[in-house]
Number of protein chains: 2
Amino acid sequence: MARLKSRVTSFDVAKLAGVSQPAVSRAFTPGASITKEKRDRILAAAKELNYVPNVFASSLSSKRSNMVAVISGNLNNPFYSETLQVFVESIQRTHRQVLAFSVQDGRDSDDVMMQAMRYPIDGLVVTSAQMSSELVKLSEGLGIPVVMFNRRVVGSELSGVQCDNFEGSAVLGRLMAAAGARRILIVRGDPQGSTSIDRVQGFRSAVDGVAGVEIEEVDGESSYSGARNAMIRRFNGPGPRFPDAIFAVNDIMAIGCADALNENFGLKIPDDIMLAGFDGIREGQRAPYSLTTVRQPVERMVAETLELLKAAPEDLKGAEAQRRVIPGDLIPGHTVPGMGRWAR
Amino acid sequence: MARLKSRVTSFDVAKLAGVSQPAVSRAFTPGASITKEKRDRILAAAKELNYVPNVFASSLSSKRSNMVAVISGNLNNPFYSETLQVFVESIQRTHRQVLAFSVQDGRDSDDVMMQAMRYPIDGLVVTSAQMSSELVKLSEGLGIPVVMFNRRVVGSELSGVQCDNFEGSAVLGRLMAAAGARRILIVRGDPQGSTSIDRVQGFRSAVDGVAGVEIEEVDGESSYSGARNAMIRRFNGPGPRFPDAIFAVNDIMAIGCADALNENFGLKIPDDIMLAGFDGIREGQRAPYSLTTVRQPVERMVAETLELLKAAPEDLKGAEAQRRVIPGDLIPGHTVPGMGRWAR
DNA sequence: TTGTACGCGTTATCAA
DNA sequence: TTGATAACGCGTACAA
């Protein structure tokens with residue numbers, strides 16, 4: 001733990017510039033009352049001494065810390081690393097800083113969130129992780145607004161922004177059913193995660209009533225390798241019968257499925273099996289996959305999240321909880337036959 | 001700018017627990033001298049009041065802030081978002097926090113770094129961005145250790161960790177030449193970036209002497225679409241002659257090339273054109289590409305970066321600058337024909 | 001082990 | 001517009 005070298009302080013600058021210490025503070029505060037001449041002199045002295053105001057000290061005194069903590073889970077899923085990127089860029093654009101945390105899948109996230117709350121942050125964004133009721137209480141006590149990103153909290157009523165996972169998946173379900181899917185395999189993600197649950201339910205709601213539809217579910221562990229391995233396990237047995245459609249609840253799993261089907265079983269998509277995912281990650285949109293999927297409008301979701309963060313903590317929970325559900329965008333892609341098949 | 005709600009302080013906890021304020025501080029400091037009984041009583045009071053120590057205040061007083069700033073450029077390149085992830089996880093593992101910044105390609109990075117230095121951070125990691133000599137001076141004045149990640153700084157002597165870009169690319173050059181490459185197209189990245197420059201030079205050093213070799217260079221803008229578009233522009237003209245090998249200085253561009261060649265020109269890799277990249281990103285390793293490339297050992301590079309950060313700032317610049325050059329690992333892949341061709 | 005007194009570097013307050 | 005002074009919330013001496 002490096003002890004910080006004692007910094008040049010505003011007092012040092014004040015002495016060199018021949019002014020009082022608060023004057024230095026004003027020189028660095030946009031819109032403060034100070035003559036331009038004096039400010040220039042102070043800034044010159046500051047530059048000479050390599051002085052910049054210490055955010056910690058100023059935050060302590062001003063009771064504002066332009067810091068937002070972002071807790072990301074499952075950064076191996078490109079959707080979440082793309083999302084983190086958008087958060088960083090958006091938050092930075094508003095002259096605030098990002099304190100970044102990651103929670104390994106299945107690891108205790110309470111510990112990490114506790115760390116985050118020791119900072120006097122303006123807000124806390126939680127993606128893809130649960131939050132215990134104890135922590136909800138703590139965040140409240142600390143007056144820190146919390147918004148869940150893409151995660152419906154079971155039990156406690158917290159504010160959050162999410163894509164319309166149910167309806168988006170239902171659209172994919174209808175699309176696949178219309179394209180002739182009857183024997184359908186659903187690749188689940190985290191069985192506890194609301195995202196996976198909602199998508200499975202949404203999809204089923206669209207195909208359950210269709211005549212002749214049989215559905216099977218397997219676990220894909222929310223990851224490329226998880227889905228890939230699930231395919232191999234499932235179809236390597238004696239006399240495997242392939243479904244005619246696969247719905248993976250996220251794109252990275254869909255990609256894992258596609259690779260396994262192609263490489264291990266020589267199947268062509270969509271000729272032999274149709275495939276759909278969810279998220280709209282860049283990788284899935286590229287030529288080798290051209291995945292049929294529903295894109296989560298990340299930019300907008302992030303913007304709404306940051307918007308919610310402005311509210312008082314009391315207005316973000318319980319009965320006041322704000323739930324923003326943003327519709328996703330269907331990306332037709334090439335992995336589900338489209339109207340072309342109907343035209344035949 | 002949300003004004004932070006005034007927090008519960010150690011004084012409040014002290015009063016409730018019937019002890020002095022420093023006792024509260026000790027209760028939260030591992031290894032401090034305090035009886036277990038008293039500590040328990042204090043922690044109970046703290047929990048009741050939703051108290052957690054304020055990092056800013058404690059840092060101000062203790063002169064240590066377990067915060068490391070990471071400035072990332074070009075997060076659209078999966079290599080850098082994978083790297084950021086490794087930084088976050090590694091730093092978090094040592095009970096420190098990450099202050100994350102991003103610098104858009106070509107944007108002024110000085111401004112962002114200046115923001116970072118207003119924090120009393122333990123260190124600053126800069127990936128894929130330049131640092132002006134003014135900022136170097138400032139970081140020195142502030143006593144903040146700076147380490148460049150994967151970037152050789154032209155002009156100023158700063159410490160840094162990088163992959164052996166020259167030698168790694170030379171290995172790829174030799175591999176391609178041995179596989180029969182003669183008409184070679186090099187897809188450059190950022191023309192100013194040391195990474196791209198070193199890789200181009202390393203590659204050329206290996207093939208320049210080979211009889212019959214012709215080399216052409218084009219700009220791929222360090223991105224998927226940049227490289228993809230470069231292919232289309234280059235080969236769409238009348239009577240395009242395709243090279244027999246393409247070396248893209250990073251994987252994401254190699255993937256862009258592969259997609260364009262396949263989709264727009266119907267070329268098969270490696271049968272019609274062989275292809276190599278650099279970085280070893282996950283996406284490039286997957287079945288549709290199986291890219292021949294050199295993997296940057298990110299985990300090790302990050303570890304060495306954090307190691308360097310422990311040094312005093314004076315020992316990280318000028319004559320004392322530490323340069324750690326880590327060898328990359330050749331991943332044979334399937335996009336350059338291997339010894340199989342020799343065996344024929 | 002415990003408490004008192006002080007300092008960390010800044011902004012806020014208020015009188016000049 | 002300015003400067004003196006008091007917070008901000010916590011660690012750290014030091015004395016008890």
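So that the names make sense, note that chain A is the first sequence line, chain B the second, and so on, each numbered from 1.
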Residues which pass salt bridge (Lys or Arg N to Asp or Glu O under 4.0 Å) with Glu299(A), listed by chain and number, not counting sequence neighbours:
none
Students often get this wrong, so: under 4.0 angstrom with heavy atoms, is Phe11(A) touching a base, only sugar-phosphate, or nothing?
base
May I ask you to say what Ser61(B) touches in the nucleic acid, namely base, sugar-phosphate or nothing, with a heavy-atom cut-off under 4.0 Å?
base
Centre-to-centre under 6.0 Å for Tyr51(B) and Phe28(B), is that the case here?
yes
Within a strict 4.5 Å, meaning less than it, do heavy atoms of the [X] and [Y] side chains meet?
X         : Y         : answer
Gln21(B)  : Thr9(B)   : no
Leu99(B)  : Val68(B)  : no
Thr305(B) : Arg324(B) : no
Gln162(A) : Arg323(A) : yes

Among [options], which nucleotide has an atom closest to any side-chain atom of [X]?
X        : options                  : answer
Gln21(A) : dG9(C), dT5(D), dG9(D)   : dT5(D)
Ser10(A) : dT10(C), dG9(C), dC10(D) : dT10(C)
Pro53(A) : dC10(D), dT10(C), dG9(C) : dT10(C)

Reckon Tyr119(A) has a side-chain N or O less than 4.0 Å from the OP1 or OP2 of dG9(D)?
no
Answer yes or no: does a side-chain N or O of Ser62(A) lie under 4.0 Å from OP1 or OP2 of dT11(C)?
no
Length of the [atom1]-[atom2] vector between [X] and [N], whole Å:
X        : N       : atom1 : atom2 : result
Lys63(B) : dC10(D) : NZ    : P     : 18 Å
Arg64(B) : dG9(D)  : CZ    : P     : 22 Å
Leu60(A) : dG9(C)  : CG    : P     : 12 Å
Asn54(A) : dG9(C)  : CG    : P     : 7 Å

On the 0 to 90° scale, with breaks at 30° and 60°, tag the Tyr119(A)-Phe56(B) ring pair as parallel, tilted or perpendicular.
perpendicular
Heavy-atom contacts under 4.0 Å between residues 27-48 of chain B and DNA chain D, which residues?
none
Between Arg300(B) and Glu304(B), is there a side-chain N and carboxylate O pair less than 4.0 Å apart?
yes
Can you measure from OG (Ser59(B)) to CD1 (Ile121(B)) and round to the nearest 0.5 angstrom?
11.5 Å
Polar pairs (N or O, both sides) under 3.5 Å between protein and nucleotides 13-16 of chain C?
none

